[in-house]
Protein chains: 2
Amino acid sequence: MPDFIFKGKVYYNPVQLVMEQIGGVWKMPILWRLQYHTMRYGELRNDIPHISDKMLTTQLRELEEDGYVHRQVYAVVPPKTEYSLTEKGREVIPLITQIREYGNQLIEKENKKL
Amino acid sequence: MPDFIFKGKVYYNPVQLVMEQIGGVWKMPILWRLQYHTMRYGELRNDIPHISDKMLTTQLRELEEDGYVHRQVYAVVPPKTEYSLTEKGREVIPLITQIREYGNQLIEKENKKL
DNA sequence: TGCGATACATACTTTTTGGTTAGTATTTGA
DNA sequence: TCAAATACTAACCAAAAAGTATGTATCGCA
């Protein structure tokens with residue numbers, strides 16, 4: 001499997017690309033919460049424990065840039081912004097489901113040991 | 001989904017745990033290559049483009065520590081070490097397969113646009 | 001005698017990622 | 001009149017991940 005270029009950047013393997021698009025601590029938890037309905041910024045913020053404004057904003061921007069989420073801004077006061085999954089975002093949910101399941105398996109097995 | 005503790009460290013969600021165990025640029029490519037047979041250090045090194053000694057060694061040690069690979073050292077000169085998947089390592093291969101497939105899909109779609 | 005092969009280790013630096021704190025504009029409600 | 005809510009931005013800092021370069025012991029081989 002040779003190197004390839006995706007959006008101007010060199011990657012060594014397909015896994016590396018996936019990790020950049022949806023890896024890290026926060027992106028999958030965000031996508032996961034958007035799977036059934038649109039959510040406002042503040043709803044995501046309240047629903048995801050420990051996430052900071054900076055992380056939520058930067059991760060949402062990257063997900064938008066990479067085509068996973070759609071951002072709808074309403075010009076009202078106080079401001080209102082809604083986030084929802086795009087087609088690409090919906091397509092990646094099954095993969096996230098599997099990753100979560102595997103994570104839960106690990107936790108279960110660990111707990112059995114106690 | 002509340003916080004939990006796994007091997008003494010606090011995690012915020014199952015995805016974060018999975019990312020720590022098999023995330024990053026190199027761990028999945030290593031596991032992937034070990035799926036069918038044992039490999040020597042040098043074979044892995046030659047087979048994984050761009051990986052450095054440092055990365056290969058540290059990632060193998062972490063995978064061993066987390067129970068994904070087994071390390072068999074032969075006390076000969078020149079040294080010989082063989083790496084193979086454990087049961088836990090074999091169990092994670094289907095997940096890696098899916099992640100790779102998704103990555104390949106992304107690449108295909110990108111290429112169609114050209 | 002000096003080189004290459006083997007499977008690393010060590011030290012150092014750079015890059016990326018994530019966290020903390022504070023600040024912004026505007027309106028509603030107390 | 002002052003605080004709270006909203007959806008952010010900016011500046012700064014710490015930690016983690018990754019990259020680079022060099023060194024190590026031992027042997028066979030030229």
Side-chain angles (χ1 to χ4, degrees), chain A residues 3 9-13 15-30 33-34 38-66 69-84, chain B residues 3 7-13 15-30 33-34 38-66 69-84:
Chain A
D3 298 353
K9 213 198 133 179
V10 179
Y11 293 87
Y12 300 158
N13 54 65
V15 165
Q16 193 191 356
L17 173 59
V18 176
M19 288 298 100
E20 249 200 41
Q21 297 235 324
I22 59 164
V25 177
W26 302 112
K27 283 181 179 175
M28 287 192 254
I30 291 171
R33 279 169 177 79
L34 292 175
T38 286
M39 287 176 92
R40 292 185 63 175
Y41 179 90
E43 292 183 284
L44 284 168
R45 172 113 229 245
N46 293 331
D47 208 48
I48 303 175
H50 303 287
I51 199 167
S52 66
D53 278 327
K54 184 199 162 192
M55 279 300 112
L56 183 52
T57 304
T58 60
Q59 303 308 96
L60 280 169
R61 287 302 139 79
E62 289 179 23
L63 289 170
E64 193 192 356
E65 170 104 23
D66 289 330
V69 308
H70 175 246
R71 177 160 170 261
Q72 178 73 31
V73 182
Y74 298 91
V76 293
V77 153
K80 176 175 173 180
T81 311
E82 286 183 344
Y83 292 93
S84 55
Chain B
D3 298 354
K7 290 186 180 172
K9 212 197 135 181
V10 180
Y11 293 87
Y12 300 158
N13 53 65
V15 165
Q16 194 191 356
L17 173 60
V18 176
M19 287 300 99
E20 248 199 43
Q21 297 237 323
I22 60 166
V25 176
W26 303 112
K27 284 182 179 174
M28 288 193 254
I30 291 170
R33 279 168 178 80
L34 293 176
T38 285
M39 287 177 89
R40 292 186 61 178
Y41 178 91
E43 293 181 282
L44 282 168
R45 171 114 230 243
N46 293 331
D47 207 49
I48 303 177
H50 304 288
I51 200 166
S52 66
D53 278 326
K54 184 201 159 193
M55 279 300 112
L56 183 51
T57 303
T58 60
Q59 302 308 95
L60 280 170
R61 288 301 141 80
E62 290 180 21
L63 288 170
E64 195 193 355
E65 170 103 22
D66 290 330
V69 309
H70 175 245
R71 178 160 170 262
Q72 178 74 29
V73 181
Y74 298 91
V76 294
V77 154
K80 177 175 171 179
T81 311
E82 285 183 344
Y83 292 93
S84 56

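Chain letters run A, B, ... following the sequence lines, proteins first, then strands; residues in each count from 1.
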>> Please evaluate residues D66(B) and K7(B) with respect to the criterion side-chain contact (heavy atoms from CB on, under 4.5 Å), reporting the C-alpha separation (whole Å), side-chain torsions for both, the decisive distance (0.1 Å), and the verdict.
In response: CA-CA 10 Å; D66(B) 290 330; K7(B) 290 186 180 172; 4.3 Å; yes
>> I need the CG-P distance between L56(B) and dT6(C), as an integer number of Å.
In response: 13 Å
> Which is true for R40(B) with a 4.0 Å heavy-atom rule: it touches a base, it touches only sugar-phosphate, or it touches nothing?
Replying inline: sugar-phosphate
>> How many whole angstroms separate atom CD1 of I51(A) from atom C1' of dT21(C)?
In response: 17 Å
>> Quick one, Y41(B) and R71(B) - any side-chain contact, counting heavy atoms below 4.5 Å?
In response: no
> Between atom CG in N46(A) and atom P in dA4(D), what is the gap in whole Å?
Replying inline: 16 Å
>> Any base atoms under 4.0 Å from T81(A), or only sugar-phosphate, or nothing? Heavy atoms, all strands.
In response: sugar-phosphate
> How many Å lie between OH on Y41(A) and C1' on dT24(C), as a whole number?
Replying inline: 14 Å
>> So which atom in Y83(B) and which in L34(B) form the shortest heavy-atom distance, rounded to 0.1 Å?
In response: O-CD2, 3.4 Å
> Rounded to whole angstrom units, what separation is found between the CE atom of M39(B) and the P atom of dT6(C)?
Replying inline: 13 Å
> For Y74(B), which contact category applies under a 4.0 Å heavy-atom criterion: base, sugar-phosphate, or nothing?
Replying inline: nothing
>> Return a single string for nucleotides 10-30 of chain D, one symbol per nucleotide in 5' to 3' order, where B is base contact, S is sugar-phosphate-only contact and - is none, cutoff 4.0 angstrom on heavy atoms.
In response: -B------BBB-----SS---
>> Measuring from atom CD of Q59(A) to atom CD1 of I48(A), what distance do you get when rounded to the nearest 0.5 angstrom?
In response: 10.0 Å
> Looking only at side-chain N and O atoms, does R61(A) come under 4.0 Å of OP1 or OP2 in dT9(D)?
Replying inline: yes
> Taking CZ from R71(A) and C1' from dA7(D), how many angstroms apart are they, rounded to a whole number?
Replying inline: 9 Å
> Is a side-chain donor or acceptor of T57(B) paired with a backbone partner of K54(B) at a separation under 3.5 angstrom?
Replying inline: no
>> Quick one, H50(B) and D3(A) - any side-chain contact, counting heavy atoms below 4.5 Å?
In response: yes
> To the nearest angstrom, how far is I48(B) atom CD1 from dA7(C) atom P?
Replying inline: 14 Å
>> If I take atom CG in residue L44(A) and atom P in nucleotide dA5(D), what distance separates them, rounded to the nearest angstrom?
In response: 18 Å
> Does any N or O in the side chain of Q16(A) come within less than 3.5 Å of the main-chain N or O of Y12(A), such that one atom is a donor and the other an acceptor?
Replying inline: yes
